[in-house]
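To find a chain, count down the sequence lines: A is the first, B the second, and so on, and within it residues start at 1.
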Amino acid sequence: MLRVRFAPSPTGYLHIGSARTFIFNWLYARREGGTMVLRIDDTDVERNTEASMQSIFDGLRWLGLAWDEQYAQSDRIALHQQMAWKIFEKGLAYRDFTPMQSTEEERDPAAGPWLGDPAMRALSPAESQRRADAGEPFVLRYRVPRNQNRWVNFKDLVYRKQAKKADDIEDFALLRSNGLPTYHMASCADDLDLRISHIIRGQDHLSNTFKHVLIFEALSDAMPEFAHLPLLIAPDGAKLSKRKHGPVVSVTTYRDAGFVPQAYVNFLCLLGWNPKNNQEFMTVEAIMEKFTFEGINRSNATVNFSDEDPIDPKAAWLNSQHLRTMPVALLAPMVRVAMEGAGISAQGDEAQFQQTVDIIRSRYSVLGDFPAKGRAYFLDDFDTTPEAAEKLNVDGAREGLRALGERLAQDEDFSEAHIEAELRAVADAMGIKAGVLINGSRAALTGQTVGPSAFAVFTAVGRDRVLRRLAAV
RNA sequence: GUCCCCAUCGUCUAGCCCGGCCUAGGACACCGCCCUUUCACGGCGAUAACGCGGGUUCGAAUCCCGCUGGGGACGCCA
């Protein structure tokens with residue numbers, strides 16, 4: 001049974017790299033018919049915040065990719081502790097009574113790697129037990145094999161064979177002096193207990209994985225598969241971080257910029273993965289069908305943003321592609337939300353609304369364009385740009401448009417073909433160029449000189465409004 | 001410092017593991033042209049990359065070694 005998990009820690013907003021990890025997990029689970037687990041890694045009580053939790057759920061829900069099971073690590077601490085002591089009982093862990101270091105006297109990494117305190121490793125079981133019984137605080141550390149020429153191995157689905165000498169792995173902590181599990185302990189215990197079959201996560205965990213392999217081996221015969229993803233980095237070359245790069249790394253930046261979720265998913269998937277067929281613009285379903293670990297790269301990918309523009313240009317392009325081609329029925333509700341956000345509630349029935357959206361979206365690239373540029377298609381109070389006013393001031397324009405309005409009013413036929421025929425007839429009769437009325441009608445009906453083909457504008461605006469606006473020109 | 005990972009156009013990438021089909025392909029962005037009685041879309045074209053040095057080989061972007069560069073881990077954070 002294939003089971004994957006996404007395990008964010010609620011210590012900040014959902015960031016772009018985490019979102020991508022979530023998506024890859026989801027893709028793999030869905031493609032293989034597996035189960036997607038969402039596990040909140042909230043063992044660091046000091047740093048957890050409710051706001052962060054909210055932000056993660058908001059972001060995840062916005063992506064629109066559902067998970068099947070949900071857990072919080074804080075509910076499972078007893079299990080983590082139990083597993084930690086099981087390791088201890090096997091003789092694979094020891095108590096370290098060294099007092100906690102203050103931040104002042106932090107160890108200098110330049111002094112060489114810290115592997116553990118030999119004196120603490122050497123403590124006899126009886127002595128260790130005596131000091132613990134006396135209430136002396138300790139951290140429980142994994143007893144990594146020393147001087148045995150022992151290698152820790154695992155195979156990564158992306159990075160292939162990985163090996164590290166046990167002598168290069170430090171005695172990492174399992175339980176802190178307050179008794180709570182560390183990340184490594186909690187994560188592995190849960191992965192085991194939740195029967196996670198594939199651990200898909202960022203490459204920043206690649207070197208931690210050797211420790212995890214040690215924990216898994218100590219506790220079980222089952223070893224999950226690993227797949228590490230290349231990191232997302234900023235244009236300055238550093239790993240994306242909220243502290244350094246600000247809110248651009250948050251998924252809400254893209255949501256608020258008017259992205260449709262499937263475009264954002266499409267964009268993120270292309271950072272570090274590709275379908276090997278030169279295809280880039282893809283629906284989520286198409287990506288899912290194509291998704292394999294062979295398609296994942298090993299080198300880090302740069303998210304292309306700048307101070308002036310927080311949006312990667314390729315993401316913007318993908319968004320416009322999705323916006324223009326996705327089923328209107330899917331897009332319409334998003335447009336409604338965007339417009340309500342701008343204080344516009346579109347009147348009219350759903351069919352007319354969708355028809356209008358369908359016509360005008362061909363020139364738009366973000367959801368915000370609908371309220372910002374499309375006001376005239378939904379409301380009667382709209383501004384006329386100076387350029388549009390000029391088009392209307394052309395000789396014969398107003399007269400022609402009024403005449404056109406009168407002719408259209410006498411006929412129920414409001415098809416583009418009919419409108420075009422009528423418009424050309426009016427132009428002929430008045431001895432003016434059709435272009436005057438074509439450009440003039442766009443200006444009169446939308447207050448703008450840019451937009452869909454003039455005849456499509458008539459149908460997008462709707463018969464009643466067209467007749468009113470032409471009469472009032 | 002130690003260990004791990006990575007290295008193709010400005011950016012995302014194909015090709016690399018299994019050398020020749022690579023005068024290195026695609027996409028975004030930028031520039032030009034075409035289409036279009038608007039603006040976009042679209043079409044066509046241009047500019048643009050195998051980090052460096054050694055090997056191996058008839059032949060290397062592809063294999064090996066070294067260097068350089070970048071990233072990550074090294075916490076009683078996750």
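The CD1 atom of A:Ile199 sits 16 Å away from the P atom of B:A78 (whole-angstrom rounding). Distance, A:Lys290 NZ to B:A14 C1': 14 Å, rounded to whole Å. Atoms CD1 (A:Ile311) and P (B:C12) sit 17 Å apart, rounded to a whole Å. When the P atom of B:C77 is taken as reference, atom CD of A:Gln73 falls 13 Å away, rounded to whole Å.
Under the rule for a salt bridge (charged side-chain N to carboxylate O under 4.0 Å, His left out), the partners of A:Asp96 that lie at least two apart in sequence or sit in another chain are A:Arg141. Judged as a salt bridge (charged side-chain N to carboxylate O under 4.0 Å, His left out), and not counting sequence neighbours, A:Asp428 has no contacts. Every residue two or more places apart in sequence or in another chain that forms a salt bridge (charged side-chain N to carboxylate O under 4.0 Å, His left out) with A:Asp191 is listed here: A:Arg5, A:Arg39. Here A:His322 pairs with A:Phe281 under the ring-ring contact (aromatic ring centres under 6.0 Å, His included) rule; sequence neighbours left out. Not counting sequence neighbours, the partners of A:Arg375 by the salt bridge (charged side-chain N to carboxylate O under 4.0 Å, His left out) test are A:Asp381.
No side-chain donor-acceptor contact under 3.5 Å links A:Tyr183 and A:Asn208.
A:Met185 has its side chain out of reach of A:Phe172: every pair of non-hydrogen atoms, C-beta onward, lies at least 4.5 Å apart. Using a 4.5 Å heavy-atom cutoff, the side chains of A:Gln162 and A:Thr209 are not in contact.
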Please tabulate, one pair per line, each protein N/O and nucleotide N/O from nucleotides 15-19 of chain B that are separated by under 3.5 Å, including the distance.
residue : atom : partner  : partner atom : Å
B:G15   : OP1  : A:Lys276 : NZ           : 3.4
B:G15   : OP2  : A:Lys276 : NZ           : 3.1
B:C17   : O2   : A:Arg160 : NH2          : 3.2

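Nucleotides B:C6 and B:A24 have their P atoms positioned 27 Å apart, rounded to a whole Å. Comparing B:G45 with B:C30, their C1' atoms are spaced 14 Å from each other, to the whole Å. Nucleotides B:U56 and B:C74, compared at atom P, are 42 Å apart to the nearest Å. Taking the P atom of each, B:C18 and B:C31 are spaced 44 Å apart, rounded to whole Å. Using atom C1' as the reference point in both B:G15 and B:G25, the two lie 8 Å apart (nearest Å). Taking atom P on both nucleotides, B:U13 is separated from B:G51 by 15 Å, rounded to a whole Å. Comparing the C1' positions of B:C12 and B:A48 gives a spacing of 15 Å, expressed to the nearest Å. B:A14 sits 33 Å from B:A40 when the P atoms are compared, rounded to a whole Å.
Annotation: of the two residues near RNA chain B, A:Tyr159 and A:Tyr183, the 5′-most nearest-nucleotide partner is A:Tyr159.
Under the 30°/60° scheme for interplanar angles, the aromatic rings of A:Trp85 and A:Phe88 are found to stand perpendicular.
A 3.5 Å limit on both hydrogen-bonding distances identifies B:G45 as the Watson-Crick or G-U partner of B:C31. Under the Watson-Crick and G-U wobble criteria, each requiring two contacts below 3.5 Å, nucleotide B:C39 is left unpaired. If you check B:G1 for Watson-Crick or wobble pairing at under 3.5 angstrom, you find it paired to B:C74. Across the strands present, B:U56 finds no partner; the criterion is a Watson-Crick or G-U wobble pair with both atom distances under 3.5 angstrom. Here B:C9 sits opposite no nucleotide as a Watson-Crick or G-U wobble pair (both hydrogen-bonding atom distances under 3.5 Å).
In terms of heavy-atom proximity, A:Leu157 sits nearest to A:Ala227 at CB-CB, 3.9 Å.
Nucleic acid contact class of A:Glu280 (heavy atoms, under 4.0 Å, all strands): base. At a threshold of 4.0 angstrom between heavy atoms, the contacts of A:Thr98 include nucleobase atoms, whether or not backbone atoms are also involved. Across all strands shown, A:Gln162 has heavy atoms under 4.0 Å from sugar-phosphate atoms exclusively, and none from any base. Contact annotation for A:Gly272: backbone-only contact, meaning every heavy-atom pair under 4.0 Å involves sugar-phosphate atoms and none involves a base. At a threshold of 4.0 angstrom between heavy atoms, the contacts of A:Pro10 with the nucleic acid are absent. Across all strands, A:His228 comes closer than 4.0 Å to no nucleic acid atom at all (heavy-atom distances).
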- Query: Reading nucleotides 62-72 of chain B 5' to 3', which nucleotides get B (base under 4.0 Å from a protein heavy atom), which S (sugar-phosphate only), which -?
  - Reply: ---------SB
- Message: Output one letter per nucleotide in nucleotides 31-51 of chain B: B when a protein non-hydrogen atom lies under 4.0 Å from the base, S when only the sugar-phosphate is that close, - when neither is.
- Response: ------BBBBSS---------
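For the side-chain contact (heavy atoms from CB on, under 4.5 Å) with A:Tyr94, the lone residue among A:Leu123, A:Asp171, A:Val139, A:Leu140 that qualifies is A:Asp171.
Checked by distance alone, A:Ser177 brings a side-chain donor or acceptor within 3.5 Å of a matching partner on the base of B:C76.
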Identify each donor-acceptor pair in which a side-chain atom of residues 397-405 of chain A lies under 3.5 Å from a protein atom, sequence neighbours left out, and give them as a table.
residue  : atom : partner  : partner atom : Å
A:Arg398 : NH2  : A:Asn393 : OD1          : 2.7
A:Arg402 : NH1  : A:Val473 : O            : 2.9

List the atom pairs, donor and acceptor, that lie under 3.5 Å between side-chain atoms in residues 50-59 of chain A and the rest of the protein, sequence neighbours left out.
residue : atom : partner : partner atom : Å
A:Ser52 : OG   : A:Pro10 : O            : 3.1
A:Ser52 : OG   : A:Thr11 : N            : 3.2
A:Ser52 : OG   : A:Gly12 : N            : 2.9
A:Ser52 : OG   : A:Gly12 : O            : 2.6
A:Ser55 : OG   : A:Leu14 : N            : 3.3

Indicate every side-chain donor-acceptor pair of residues 286-302 of chain A with a distance under 3.5 Å to a residue at least two apart or in another chain.
residue  : atom : partner  : partner atom : Å
A:Thr292 : OG1  : A:Gly295 : N            : 3.4
A:Arg298 : NE   : A:Val158 : O            : 2.9

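For A:Thr182 and B:A78, the shortest distance from a side-chain N or O to OP1 or OP2 is not below 4.0 Å.
For the pair A:Arg131 and A:Phe138, the cation-pi criterion (under 6.0 Å, within 45° of the ring axis) is not fulfilled.
Contacts between residues 144-156 of chain A and RNA chain B, defined by a heavy-atom separation under 4.0 Å, are absent.
The residues A:Glu420 and A:Arg424 are annotated as salt-bridged, a charged nitrogen and a carboxylate oxygen being separated by less than 4.0 angstrom.
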